[in-house]
Amino acid sequence: PVYRNLLEANLSEPITTPATYGGLISAGTFTHGHLGTDVLSRLLQLTKPDALCVLGINEAHFTDLSFATTLDNLVAENRIKQLSYVRVQVYADADPSDSDKNAQVAVFLTA
């Protein structure tokens, strides 16, 4: 099976699920700016060491909410490693200069 368990969680509240996942993909979670960088720690609690994580973050919110600083701090705290970014157009006809129509995709492993 693709999913052992399907969980529904409010990411603005603590998550009590144990760290059992070897990967984390987030698409649409950080799109509208209603969830900030504090959610990253909650998501990391779900993963095993060396889990591959790929998080798409709306570029405007990536900048406005200081995601780069938070992710750099997680590297410094040895919570994540091998951090890299890929800038992508969310929509095929997006203006590359419109940060609200583009995303930063953070790729890293948990430590």
Side-chain angles (χ1 to χ4, degrees):
V2 176
Y3 298 105
R4 271 181 286 145
N5 298 311
L6 182 59
L7 306 171
E8 183 176 338
N10 181 344
L11 294 178
S12 62
E13 297 176 0
I15 300 171
T16 58
T17 304
T20 58
Y21 294 95
L24 175 69
I25 299 172
S26 173
T29 305
F30 301 104
T31 301
H32 299 291
H34 64 291
L35 294 174
T37 59
D38 56 318
V39 172
L40 295 174
S41 288
R42 291 189 193 112
L43 292 175
L44 293 178
Q45 293 173 12
L46 300 170
T47 61
K48 297 177 186 179
D50 292 319
L52 175 61
C53 300
V54 181
L55 311 177
I57 305 161
N58 172 287
E59 192 169 62
H61 303 310
F62 182 87
T63 301
D64 295 343
L65 299 175
S66 302
F67 273 88
T69 300
T70 300
L71 289 162
D72 287 343
N73 289 340
L74 290 169
V75 170
E77 295 166 4
N78 267 348
R79 296 191 58 204
I80 66 173
K81 58 189 177 184
Q82 298 179 16
L83 173 63
S84 64
Y85 298 103
V86 178
R87 184 174 192 258
V88 297
Q89 285 183 244
V90 177
Y91 305 102
D93 61 347
D95 179 346
S97 66
D98 186 349
S99 65
D100 198 42
K101 304 283 192 241
N102 294 287
Q104 287 289 336
V105 179
V107 181
F108 56 87
L109 298 174
T110 56

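Please read all numbers here as calculations on a predicted model, not as lab measurements.
Of all the heavy atoms in Gly23 and Ala51, the pair that sits closest is N-CB, 3.9 Å. Residue Thr47 comes nearest to Leu44 through the heavy atom pair OG1-O, 2.9 Å, listed as atom of the first residue, atom of the second, then distance. Of all heavy-atom pairs spanning Gln45 and Ile15, the tightest one is OE1-O, 3.4 Å.
Between Ile57 atom CD1 and Leu35 atom CG the span is 11.5 Å, to the nearest 0.5 Å. The distance from the CD1 atom of Ile80 to the CG atom of Leu40 is 8.0 Å, given to the nearest 0.5 Å.
Listed by chain and number, the hydrophobic cluster partners of Tyr91 are Val90, where partners are ILVMFWY side chains within reach of under 4.5 Å, directly or through others.
Under the 4.5 Å side-chain heavy-atom criterion for Ile, Leu, Val, Met, Phe, Trp and Tyr, Val54 and Val86 are members of the same hydrophobic cluster. Under the 4.5 Å side-chain heavy-atom criterion for ILVMFWY residues, no single connected hydrophobic cluster contains both Val39 and Val105.
Checking side-chain atoms of Asn102 against main-chain N and O of Asp95 turns up a donor-acceptor pair under 3.5 Å. Side-chain atoms of Arg87 do not come within 3.5 Å of backbone N or O of Glu59 as any donor-acceptor pair.
Between Asn58 and the choices Asp64, Thr31, Asp100, the side chain to side chain donor-acceptor pair (under 3.5 Å) rule is met once, by Asp100.
Contact of the Leu52 side chain with the Leu109 side chain is registered, since non-hydrogen atoms from C-beta on lie closer than 4.5 Å. Thr29 places none of its side-chain heavy atoms less than 4.5 Å from the side chain of Leu55. By the 4.5 Å heavy-atom criterion applied to side chains, Leu11 and Arg42 are not counted as neighbours.
Salt bridge status for Lys81 with Asp50: present, with a side-chain N to carboxylate O gap under 4.0 Å.
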Enumerate donor-acceptor pairs with a distance under 3.5 Å from any side-chain N or O in residues 69-78 to protein atoms, sequence neighbours excluded.
unit_1	atom_1	unit_2	atom_2	d
Thr70	OG1	Thr37	OG1	3.4
Thr70	OG1	Ser66	O	3.3
Asn73	ND2	Thr69	O	3.4

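A ring-ring contact (aromatic ring centres under 6.0 Å, His included) check over residues 7-40, counting only residues at least two apart or in different chains, returns the pairs Phe30-Phe67.
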